[in-house]
Amino acid sequence: MSEDIRLRRKRKASITQVSNTFIDKYMTDANGEFVKVYLYLLRCIGADRDNLSISDIADHFDDTEKDVKRALRYWEKMKLLHLEYDGKKLTSIDVLDVPEETEELPVPSQNARKSGMEDGEEGPESAPKRTRKKAATPAITEDEQAILKELLFVTETYLGKTLSSTEAKKIIYFYDTLGFNPELIEYLVEYCVSKNYRTISAMEKIALSWHEEGIKTAKEARAHVITHTEEYIAAVKSFGISGRSLNTSELRYLNKWTEEYHFTAVLIKEACERTIEFTHQASFKYADSIMESWFKKNVTSMDDVKILDAEHKAATESLRPQFKKVTVNSKFNNYEHRDYDYDAIEKQLLGNVSN
C-alpha cells in the first residue's frame with residue numbers, strides 16, 4: 001500500500017496560482033506530462049491538502065507511478081520542488097517559489113534532460129551547475145531537417161491527419177532529445193496505430209518507456225514488443241519456460257501463430273497445454289501442428305475447438321469395431337445330450353446297497 005507524503009509550501013494560498021514566469025519560461029521546454037503534475041501539486045496545496053501519495057497523482061491522471069516520479073525529479077532539477085527522502089523512500093515535497101523573471105533559470109544538461117524521463121535511483125539527485133536565461137534550440141542541419149520532414153509526413157500518413165505544431169514538436173523531441181533514429185520513430189508510430197493508440201501523448205508514453213529500457217533500434221523495439229504481448233506470455237507460461245527468452249526458431253513459430261493464423265493468447269495457451277499433455281515437453285513444432293490443423297478448419301475461438309473435439313470423438317467412436325455376442329461350441333459341450341431317469345437310478349443304487 002502506498003504511504004502518504006507530506007506536501008508543504010512556504011505560503012499557502014486559497015486558490016491555485018500559477019506564476020507568469022512559470023508559464024513564460026519553465027513551460028517552454030517542459031514535457032506536457034510534467035507540467036500537469038506540477039499544476040496538480042499547486043492545486044492540492046490550494047485546497048489545503050497536506051498529504052498525498054505517488055499513487056494518488058498517478059491515479060488522477062491515469063498514469064504510472066514511474067511517470068510521476070520522473071516529473072518530480074525534473075522539477076527538482078529546475079529548482080521548483082525540493083524532495084526529501086528517508087533512504088530511498090520519498091517522504092516530503094516542498095513546492096518552492098518560482099524565481100522572478102530576472103533570475104537565471106537552472107538548465108539541465110542533455111543527460112539531465114533525459115534522466116528526468118528515466119527511473120533510476122529513488123534518492124535525490126544533484127542539481128546542474130550551468131544556468132541560462134532561456135533554453136537554446138540546438139541547431140538542426142539541412143539533412144536533419146529533411147529527415148524530420150519525412151518523419152512528420154510518415155506520422156501524418158499513419159494518423160490520417162495533419163499534425164499540430166505541438167504534435168510535430170513531440171516527433172522532433174523523440175528524434176532530438178530521446179535520440180531515436182528515424183526507423184525507430186517510424187516503427188513507434190506504426191506500432192501505436194496498430195494498437196489504436198492514435199494520439200501523440202500515447203506515443204510519448206511508449207517512447208519514454210522504450211527510452212527507459214535502453215531501446216535504440218527498431219529491431220530492439222520489435223523484440224521488446226513481442227516479449228510483452230499476451231500471446232508470448234501465454235506460450236512461455238504454458239510451456240513452463242523460465243530464465244530465458246524465446247530463441248529465434250521459437251519466435252518464428254510465435255509470429256506465425258499471431259501474424260499468419262491471428263490466434264489469440266487463449267488459443268495459443270490451449271495448444272501449448274495440449275502439447276505438454278501429449279508429448280510431456282515444450283515442443284513448438286508439435287504445438288504448431290495443432291494450430292495449423294485449427295487454422296485449416298477456420299478455428300477462431302475456443303467454442304470452435306470444442307466443436308472440433310466433439311466431432312473427433314464421435315468419428316472415433318463410429319470407427320470402433322462392433323462386437324456381437326456369439327455362442328462358441330467347444331469340446332466340453334460338443335456332445336449329444338441324454339435324458340436320464342434319476343428316480344430309477346436311485347432305486348437301483350438303494351437295492352444294491354440292501355443286498
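Everything numeric here is computed off the predicted structure, so don't read it as measured data.
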With a 4.0 Å cut-off, would you call [X] and [Y] a salt bridge?
X: Glu183; Y: Lys216; result: no
X: Lys36; Y: Glu33; result: yes
X: Glu273; Y: Lys269; result: yes

I'd like to know whether Glu311 forms a salt bridge (Lys or Arg N to Asp or Glu O under 4.0 Å) with Lys306, so could you lay out the CA-CA distance, the side-chain angles of the two residues, the decisive distance to 0.1 Å, and finally the verdict. CA-CA 9 Å; Glu311 292 176 350; Lys306 291 176 182 177; over 6 Å; no

Provide the closest heavy-atom pair for [X] versus [Y] in the form atom of the first, atom of the second, distance.
X: Ile276; Y: Ala282; answer: CD1-N, 3.8 Å
X: Leu254; Y: Glu231; answer: CD1-O, 3.9 Å
X: Leu80; Y: Pro99; answer: CD2-CD, 4.0 Å
X: Ser283; Y: Thr275; answer: O-CG2, 3.5 Å
X: Cys272; Y: Ser238; answer: CB-CB, 3.5 Å
X: Tyr26; Y: Met78; answer: CE2-O, 3.7 Å

Candidate pair Asp304 and Thr300, rule side chain to side chain donor-acceptor pair (under 3.5 Å), full reasoning: CA-CA 7 Å; Asp304 295 335; Thr300 60; 3.0 Å; yes

Could you see if [X] belongs to whatever hydrophobic cluster contains [Y]? Use Ile, Leu, Val, Met, Phe, Trp, Tyr and a side-chain cutoff under 4.5 Å.
X: Val225; Y: Phe263; value: no
X: Leu188; Y: Ile226; value: no
X: Tyr85; Y: Tyr74; value: yes
X: Ile233; Y: Phe239; value: no
X: Phe153; Y: Tyr187; value: no

Within a radius of less than 6.0 Å around CG of Asn247, do more than 12 heavy atoms belonging to other residues, nucleotides or ligands occur?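 Enclosed.
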
If you draw a 6.0 Å radius around CD in Glu230, do more than 12 non-hydrogen atoms from other residues or ligands fall strictly inside? no

Would a 4.5 Å heavy-atom cut-off, applied to side chains only, mark [X] and [Y] as touching?
X: Ser92; Y: Leu83; value: no
X: Tyr191; Y: Trp210; value: yes
X: Cys192; Y: Arg198; value: no
X: Tyr232; Y: Ser245; value: yes
X: Leu52; Y: Ile57; value: yes
X: Met302; Y: Glu270; value: yes
X: Leu72; Y: Leu41; value: yes
X: Leu159; Y: Met203; value: yes

Does [X] reach the main-chain N or O of [Y] with its side chain, forming a donor-acceptor pair under 3.5 Å?
X: Ser293; Y: Ser289; answer: no
X: His262; Y: Glu259; answer: yes
X: Asn181; Y: Leu184; answer: yes

Compute whether any side-chain donor of one residue and acceptor of the other, for Asp24 and Thr21, lie under 3.5 angstrom apart. no

Audit row: Ile171, Ile200, side chain to side chain contact (heavy atoms under 4.5 Å, CB included) steps and yes/no: CA-CA 8 Å; Ile171 302 299; Ile200 298 297; 4.2 Å; yes

Residue that, paired with Phe61, satisfies ring-ring contact (aromatic ring centres under 6.0 Å, His included) out of Phe34, Tyr40, Tyr38: Tyr40

Among Ile268, Leu267, Asp288, Val299, which one satisfies side chain to side chain contact (heavy atoms under 4.5 Å, CB included) with Tyr261?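 Of Ile268, Leu267, Asp288, Val299, side chain to side chain contact (heavy atoms under 4.5 Å, CB included) with Tyr261 is met by Asp288 alone.
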
Show, in sequence, the C-alpha distance, side-chain angles and deciding distance for Leu308 and Lys297, and conclude whether the side chain to side chain contact (heavy atoms under 4.5 Å, CB included) test is met. CA-CA 9 Å; Leu308 287 181; Lys297 294 177 181 178; 3.8 Å; yes

Would you say the ring centers of Trp75 and Phe22 fall short of 6.0 Å from each other?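 Trp75 vs Phe22: aromatic centres under 6.0 Å.
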
Worked verdict on Lys169 versus Asp176 for salt bridge (Lys or Arg N to Asp or Glu O under 4.0 Å): CA-CA 10 Å; Lys169 287 180 181 178; Asp176 182 55; over 6 Å; no

Take Phe174 and Glu204 through the test side chain to side chain contact (heavy atoms under 4.5 Å, CB included) and record every step on the way to the result. CA-CA 8 Å; Phe174 301 156; Glu204 183 182 18; 4.1 Å; yes

Between atom [atom1] of [X] and atom [atom2] of [Y], what is the distance when rounded to the nearest 0.5 Å?
X: His224; Y: Ile215; atom1: NE2; atom2: CD1; answer: 4.5 Å
X: Leu178; Y: Leu208; atom1: CG; atom2: CG; answer: 6.0 Å
X: His312; Y: Asp309; atom1: NE2; atom2: CG; answer: 8.0 Å
X: Arg274; Y: Thr279; atom1: CZ; atom2: OG1; answer: 13.5 Å
X: Leu39; Y: Met27; atom1: CG; atom2: CE; answer: 7.0 Å
X: Glu250; Y: Asn255; atom1: CD; atom2: CG; answer: 12.0 Å

Criterion salt bridge (Lys or Arg N to Asp or Glu O under 4.0 Å) on Glu167 and Lys161, from CA distance to verdict: CA-CA 11 Å; Glu167 291 172 330; Lys161 71 168 189 174; 2.9 Å; yes

Test side chain to side chain donor-acceptor pair (under 3.5 Å) on Thr166 and Ser164 and set out the steps. CA-CA 5 Å; Thr166 301; Ser164 67; 4.6 Å; no

Going by the angle between their ring planes, with limits at 30° and 60°, are Phe284 and Trp257 parallel, tilted or perpendicular?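 The arrangement is parallel - the two ring planes meet at less than 30°.
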
